[in-house]
Amino acid sequence: MNQLRDLMQQLLACGCACSAEEPMSRHTSFRIGGPADLFVTVHDEAQLCNCLRLCREREIPYFLLGNGSNLLVSDDGVAGVVIQLGGSFCEVRCVEGNTLICGAGAKLTAVCLAALHNDLSGMEFAYGIPGTVGGAVYMNAGAYGGEIKQVFSGCRCMDACGNVVTLSAQELQFGYRSSILQQTHGIVTEVTLTLSVGDAAQIKAQMDDLVQRRRDKQPLEFPSAGSTFKRPEGHFAGALIEQAGLKGYAVADAQVSEKHAGFVINRGNATCADVVQLVSEVQQKVLAQSGVILQPEICLIGRNASWN
Ligand SMILES: Cc1cc2nc3c(=O)[nH]c(=O)nc-3n(C[C@H](O)[C@H](O)[C@H](O)COP(=O)(O)OP(=O)(O)OC[C@H]3O[C@@H](n4cnc5c(N)ncnc54)[C@H](O)[C@@H]3O)c2cc1C
């Protein structure tokens, strides 16, 4: 604890914002999660580099948070430091021709709107995904036939030692809801997107249509982390769950959405343990019913966190 207090003093001295014992339920779209020992907001690459160095010197673990929209955090909280990208990281920095450069902490929605205002097409699919650009690159986020890999042309990425490299789309090794970052744990600090010139009215109509489809189909009125499971090849997770009779099935306040069985929602006071149990029961019943193994898409993190 002394070590964390000392770390906090040093981080405050270099301009980072810090908060001890910060409830992660405040930072996740699921509204679930115990406290992070230390929650740090860094505003630029220099602060991020300092933060990683101070953690490294003290052998304190860290976790890089995006917008918390694909996360399930343990009820026991997170050991060490949770780092959030703030300040200049949240800006759409510049638009040059059909290229858009943004900080990794910028929200996808803001990036989509910046593209629209510059008559640039290609990001429409992402309008309504509640993550950051960095989180979207890490997950290769996608919807309605689009994926971030289709518009990604490069990023700046910091490793645990504070070294910054520029990575190409090829180096990111994008797959279905995956990228090499899931193995390397590099931190994306800036992303370059290459779009195509389009017609603003058409781009807007497409964005509005996709948001409406989300409102119609998804349980946006409840906290969740989006689709609980990856799409199994040749199937839809939601349909398999529904066929197994699990629509509306609940463990305490964690419930398979009655609106869209592919989503687990928090009806109010769901814990991480409730969600983990529900996910496990759904996996077992779907396997028994249809022989398909459902893999969680949601990232589970924190103390004692495990899907089984
Ligand atoms: C209502 C709802 C609808 C959704 N719809 C979709 C959808 O249509 N398609 C889809 O793909 N997803 C969807 N999601 C899931 C989620 O929004 C995406 O996966 C998004 O890309 C996660 O971004 P985030 O910034 O919130 O990341 P977080 O949830 O904060 O983090 C997820 C992972 O990304 C890592 N990460 C975050 N930022 C960085 C960075 N800068 N550098 C390196 N690693 C980083 C984190 O360490 C973590 O491992 C939905 C979620 C909700 C709640």
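In each ligand, atom 1 is the first atom listed, and ligand 1 is the first ligand listed. Residue indices begin at 1 and follow the sequence shown.
Near Ala143, meaning under 4.0 Å from any of its heavy atoms, are these atoms of ligand 1: 8 (O). Taking a cut-off of under 4.0 Å to the non-hydrogen atoms of Leu220, the atoms of ligand 1 that pass are 1 (C). The contact set between ligand 1 and Asn67, taken as ligand atoms under 4.0 Å from a residue heavy atom, comprises 24 (P), 25 (O), 26 (O), 27 (O), 30 (O). Residue-ligand proximity, Thr132 to ligand 1, at heavy-atom distances under 4.0 Å covers atoms 23 (O), 24 (P), 25 (O). Shown in contact with Ala225 at under 4.0 Å from a heavy atom are these atoms of ligand 1, numbered in order with element: 51 (C), 52 (C), 53 (C). Here is the list of ligand 1 atoms found below 4.0 Å of a heavy atom in Ile187: 42 (N), 43 (C). Residue contact check: Pro130 has heavy atoms under 4.0 Å from atoms 2 (C), 3 (C), 4 (C), 17 (O), 50 (C), 51 (C), 52 (C), 53 (C) of ligand 1. Close contacts between ligand 1 and Ala104 involve ligand atoms 41 (N) [criterion: under 4.0 Å to a heavy atom].
The cationic group of Lys259 does not satisfy the cation-pi geometry with Phe222, failing either the under 6.0 Å distance to the six-membered ring centre or the 45° limit from the ring axis.
Distances from atom 29 (O) of ligand 1 to the heavy atoms of Thr28, Val133, Asn70 show the closest one on Asn70. Between the choices Leu64, Leu210, Ile129, Val191, the shortest heavy-atom distance to atom 47 (O) of ligand 1 belongs to Leu64. Which of Ser227, Gly142, Ala141, Ala126 comes nearest to atom 7 (C) of ligand 1 through a heavy atom is settled by distance: it is Gly142. Comparing heavy-atom distances from atom 5 (N) of ligand 1 across Gln218, His260, Arg214 singles out Arg214 as nearest.
Under the 4.5 Å side-chain heavy-atom criterion for Ile, Leu, Val, Met, Phe, Trp and Tyr, Leu12 and Leu48 are members of the same hydrophobic cluster. Val188 is connected to Leu108 through a chain of hydrophobic side-chain contacts under 4.5 Å among Ile, Leu, Val, Met, Phe, Trp and Tyr, so both are in one cluster. The cluster map of Ile, Leu, Val, Met, Phe, Trp and Tyr, joined by side-chain heavy atoms under 4.5 Å apart, puts Val292 and Val282 in the same cluster.
Geometrically, ligand 1 and Ser224 share no nitrogen or oxygen pair separated by less than 3.5 Å. Between Cys299 and ligand 1, not a single N/O pair is under 3.5 Å apart. Residue-to-ligand polar distances place Val188 within reach of ligand 1: an N/O pair is separated by less than 3.5 Å. Of the N or O atoms in Gly68, one or more lie within a sub-3.5 Å distance of an N or O in ligand 1. Geometrically, ligand 1 and Asn140 share no nitrogen or oxygen pair separated by less than 3.5 Å. Backbone and side-chain nitrogen or oxygen atoms of Ser29 are examined, and none is located within less than 3.5 angstrom of a nitrogen or oxygen of ligand 1. Residue-to-ligand polar distances keep Leu85 apart from ligand 1: every N/O pair is separated by 3.5 Å or more.
Looking at atom 53 (C) of ligand 1, its nearest protein heavy atom turns out to be Gly226 N, 3.3 Å. Remark: minimum distance from atom 48 (C) of ligand 1 to any protein heavy atom is reached at Phe63 CZ, 3.7 Å. Atom 20 (C) of ligand 1 has as its closest protein heavy atom Ser69 OG, 3.8 Å. For atom 38 (N) of ligand 1, the closest heavy atom belonging to the protein is Gly135 N, 3.3 Å. In terms of protein heavy atoms, atom 35 (C) of ligand 1 is closest to Tyr138 CG, 3.5 Å.
In plain terms, the two heavy atoms of Leu113 and Tyr127 that are nearest each other are CD2-OH, 3.9 Å.
Other residues, nucleotides and ligands place more than 12 heavy atoms under 6.0 Å from the CD atom of Glu221. Residue Lys204 qualifies as open at atom NZ: its count of foreign heavy atoms under 6.0 Å is 12 or below. Around the CG atom of Asn269, the shell of radius 6.0 Å holds no more than 12 heavy atoms that belong to other residues, nucleotides or ligands. Atom CZ of Phe236 sits in a sparse spot, with 12 or fewer heavy atoms from other residues, nucleotides or ligands closer than 6.0 Å. No more than 12 heavy atoms of other residues, nucleotides or ligands lie within 6.0 Å of CD in Gln170, so this atom counts as exposed by the packing criterion.
Distances shorter than 4.0 angstrom occur between a heavy atom of Gly186 and an atom of ligand 1. Assignment of His185 to the shell around ligand 1 is not supported, since no heavy atom sits closer than 4.0 Å. Remark: distances from the non-hydrogen atoms of Phe89 to ligand 1 are all 4.0 Å or more.
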Stepwise side chain to side chain donor-acceptor pair (under 3.5 Å) check, Glu171 with Ser168: CA-CA 5 Å; Glu171 286 168 310; Ser168 66; 3.2 Å; yes
Intermediate values then yes/no, side chain to side chain contact (heavy atoms under 4.5 Å, CB included), Ile241 and Phe229: CA-CA 10 Å; Ile241 294 166; Phe229 300 102; 3.8 Å; yes
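A distance-only check finds a donor-acceptor pair linking the side chain of Ser290 to the backbone of Val286 [under 3.5 Å].
For the side-chain hydrogen bond (donor to acceptor under 3.5 Å, both in side chains) criterion with Asp209, the lone passing option out of Gln206, Arg213, Gln212 is Arg213.
Under 4.0 Å from ligand 1, not a single heavy atom of Gln182 appears.
Within the 4.5 Å cutoff, side-chain heavy atoms of Ile298 are placed close to those of Phe30.
Residues passing the ring-ring contact (aromatic ring centres under 6.0 Å, His included) test with His27, sequence neighbours excluded: Phe39.
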